[in-house]
There are 2 protein chains.
Amino acid sequence: MVLSKTVAENAEVGRTGILDAAALLLGRQGYGAVSLRMIAEAAGIKAGSIYYHFASKDDIITEILDAGIQAVHDEVRDRVAALSADAPARDVFRAVLRGHLCALLEHGAYTSANVRIFGQVPPEVRDANLPVRRAYEAFLDNQLSELQVRDAIRSDVNLPRFRLLLIGALNATLEWFDPQKGSAEDLADDYADTFLNGILSQSGDNT
Amino acid sequence: MVLSKTVAENAEVGRTGILDAAALLLGRQGYGAVSLRMIAEAAGIKAGSIYYHFASKDDIITEILDAGIQAVHDEVRDRVAALSADAPARDVFRAVLRGHLCALLEHGAYTSANVRIFGQVPPEVRDANLPVRRAYEAFLDNQLSELQVRDAIRSDVNLPRFRLLLIGALNATLEWFDPQKGSAEDLADDYADTFLNGILSQSGDNT
DNA sequence: TCACCTACCTAACACTTGTTAGGTGTCTGG
DNA sequence: CCAGACACCTAACAAGTGTTAGGTAGGTGA
């Protein structure tokens, strides 16, 4: 009975071992540079064995892409839910940025893999990832919309467009972020201030 | 003499024809998905012939990457230079964003190729592109620094970090921008307002 | 004990990749 | 008219790709 459990665990290790190795490699090297043989070696098995767990390379990619978005979505949702219902708008906005950046920069082979390779995968794989992606986008739009209804965000801000701006800026941090030069949370707070207040000295125009 | 000119022109068509075709394909499909045979076919020649003009595939990539950055740099520099010396800070900032976005979204197989494939190329190719990249970053930092000295940008704004935020947000537009839903210049002005003024309704905190 | 399932391995498949060697026709300056 | 440069082509190379068929060691339930 104990041993049968061990077998079941090993089964999970095998599968998730492949996914973990693949996510790590894909996040570092990109879609085209990572072969099944590299993934297999990193997972401690041989290339052909991958097909016991997955039907194709794109199958692995699809699963990693979905898990990547889901991890960010969950992290952001949890952080927002942890706030009291009447939390200041600034705190809600910060929670969103903190969740997204921490998931992306600190715990996230899958998340960073998603950001890095989404633009490189075949169209079919990209399409398979769209529902999960759309769900996260809808969640963000809802959060922003609530802030706008509460009159915290100006009514003339185009929310879907701002959401694209926001995600673009956040995801780009992956290319240069160095955890030794400051935490992801500090970076998130800094970004939040920039987005909320702008960079202008006064509201008026300076020559 | 006329014909000798024709030959020289054809030589240029051959070389730049390959570069143009490669930039277009790379911008659309990514580094790993584009083979020399695809580039050759798009340029109207055979794969082996490419080696008459270039020493390797990475040679082509390197040239395209450099040209891509240079095109944005030139466009932004020209637009800023076209302003009068005492132009309002808002206009300078808008000119920067307009130049970057127009180069990226409207005229720019090379530019969009650069943004799309830079993260996917081999390290050696990436390193070769760094000097041109650094020059553009330094130019942007100078422009922003001038605005900060003029007290248009708050002194507590970390400029290099803001530049990273800005470029990240601008480059991400490549993934969703649709010229039929509005011009790149309008988008640039909208982004400029968001960055300058922020999204907050009041400077105070709302519950 | 025996049949069976799980989780792997080996070896090969057809195919694509970047790259090279050598050949071909056309145009050109002398 | 001719040597030669120019701009291509053909055909092949070794290496690497995703993928598959068939085999195997060891634990499992009856």
Side-chain angles (χ1 to χ4, degrees), chain A residues 1-23 25-26 29-65 117 120-125 128, chain B residues 1-23 25-26 29-65 117 120-125 128:
Chain A
M1 302 150 187
V2 180
L3 285 181
S4 73
K5 218 178 196 176
T6 302
V7 168
E9 275 174 7
N10 278 345
E12 279 311 292
V13 169
R15 217 188 118 86
T16 63
I18 294 171
L19 286 173
D20 288 351
L25 286 174
L26 289 167
Q29 326 221 45
Y31 177 76
V34 175
S35 70
L36 283 181
R37 283 168 181 82
M38 294 168 66
I39 295 173
E41 193 182 11
I45 59 175
K46 303 290 171 164
S49 310
I50 289 180
Y51 285 82
Y52 176 75
H53 296 286
F54 300 94
S56 71
K57 182 185 183 184
D58 288 348
D59 240 50
I60 305 177
I61 311 285
T62 300
E63 203 153 325
I64 289 177
L65 286 182
I117 71 177
Q120 318 174 19
V121 302
E124 357 152 29
V125 181
Chain B
M1 301 148 185
V2 181
L3 285 180
S4 74
K5 216 180 197 175
T6 303
V7 167
E9 277 174 6
N10 279 345
E12 279 311 292
V13 169
R15 217 188 119 86
T16 63
I18 294 171
L19 286 174
D20 288 350
L25 287 174
L26 289 166
Q29 327 222 48
Y31 177 76
V34 175
S35 70
L36 283 181
R37 283 167 180 83
M38 293 170 66
I39 296 174
E41 192 183 10
I45 60 176
K46 303 290 172 166
S49 309
I50 290 181
Y51 286 81
Y52 176 74
H53 297 285
F54 300 94
S56 70
K57 183 186 183 183
D58 288 348
D59 240 50
I60 306 178
I61 311 286
T62 300
E63 203 154 324
I64 289 177
L65 286 181
I117 71 176
Q120 318 174 19
V121 303
E124 357 153 28
V125 181

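In what follows, every heavy atom counts, from backbone to side chain, and hydrogens, waters and symmetry copies are set aside. The sequence lines fix the lettering, A, B, ..., with proteins before strands; numbering per chain opens at 1.
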Asks: Between B:Ile50 (CD1) and D:dT10 (P), how many Å, whole number?
Replies: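 Spelled out: CD1 on B:Ile50 to P on D:dT10 is 14 Å.
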Asks: Once you round it to whole Å, what is the distance between C1' of D:dT10 and CD of B:Glu41?
Replies: 17 Å
Asks: Whole angstroms only, please: what is the OH-P distance between B:Tyr51 and C:dG22?
Replies: 17 Å
Asks: Please set out all donor-acceptor pairs under 3.5 angstrom arising from side-chain atoms of residues 38-49 of chain B, sequence neighbours excluded.
Replies:
from, atom 1, to, atom 2, distance (Å)
B:Ser49, OG, B:Lys46, O, 3.4

Asks: Picking from D:dC9, C:dT10, C:dG18, which would you name as closest to the side chain of B:Leu36?
Replies: C:dG18
Asks: Say you draw a straight line from CD of B:Glu63 to NE2 of B:His53; how long is it, rounded to the nearest 0.5 Å?
Replies: 11.5 Å
Asks: Taking for each residue the nucleotide of DNA chain D with the nearest heavy atom, is it A:Ala33 or A:Ser49 whose nucleotide lies nearer the 5' end?
Replies: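 It is A:Ala33 whose nearest nucleotide is closer to the 5' end.
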Asks: Is any side-chain N or O of B:Tyr52 closer than 4.0 Å to OP1 or OP2 of D:dC8?
Replies: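 No, B:Tyr52 has no side-chain N/O under 4.0 Å of OP1/OP2 on D:dC8.
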Asks: Identify, with sequence neighbours excluded, every residue that meets side-chain hydrogen bond (donor to acceptor under 3.5 Å, both in side chains) alongside B:Gln29.
Replies: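 B:Gln29: no side-chain hydrogen bond (donor to acceptor under 3.5 Å, both in side chains) contacts found.
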Asks: Rounded to whole angstroms, how far apart are CD1 on B:Ile39 and C1' on C:dT19?
Replies: 14 Å
Asks: Could you run down nucleotides 21-26 of chain D 5' to 3' and tag each one B, S or - for protein heavy-atom contact under 4.0 Å?
Replies: ------
Asks: Atom CD of A:Gln29 and atom P of D:dG16: how far apart are they, to the nearest Å?
Replies: 15 Å
Asks: So, OP1 or OP2 of D:dC9: does either fall under 4.0 Å of a side-chain N or O from B:Lys46?
Replies: no
Asks: Rounding to an integer number of Å, can you tell me how far A:Asp58 CG sits from D:dT19 C1'?
Replies: 12 Å
Asks: Once side chain to side chain contact (heavy atoms under 4.5 Å, CB included) is applied, do any residues pair with A:Asp58, and if so which ones, sequence neighbours excluded?
Replies: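 Applying side chain to side chain contact (heavy atoms under 4.5 Å, CB included) to A:Asp58 gives A:Tyr31, A:Ser56, A:Ile61, A:Pro122, A:Glu124, A:Val125.
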Asks: When rounded to the nearest 0.5 angstrom, what is the spacing between CG in A:Asp59 and CD1 in A:Ile50?
Replies: 11.5 Å
Asks: Could you tell me if the side chain of A:Ile117 sits less than 4.5 Å from the side chain of A:Val34, heavy atoms only?
Replies: no
Asks: Measuring only between side-chain heavy atoms, which start at C-beta, is B:Leu36 closer than 4.5 Å to B:Ile60?
Replies: yes
Asks: If the cut-off is 4.0 Å, is B:Ser35 near the phosphate of C:dT17, judged by side-chain N/O to OP1 or OP2?
Replies: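 Checking B:Ser35 against C:dT17: at least one side-chain N or O falls below 4.0 Å of OP1 or OP2.
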Asks: A:Arg37 has an atom CZ; how far is it from atom P of C:dA12, in whole Å?
Replies: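 In whole Å, C:dA12 P and A:Arg37 CZ are 13 Å from each other.
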Asks: Side-chain N or O of A:His53 less than 4.0 angstrom from OP1 or OP2 on C:dT6?
Replies: no
Asks: In whole Å, I'd like the distance from the CD1 atom of B:Ile45 to the C1' atom of D:dT10.
Replies: 14 Å
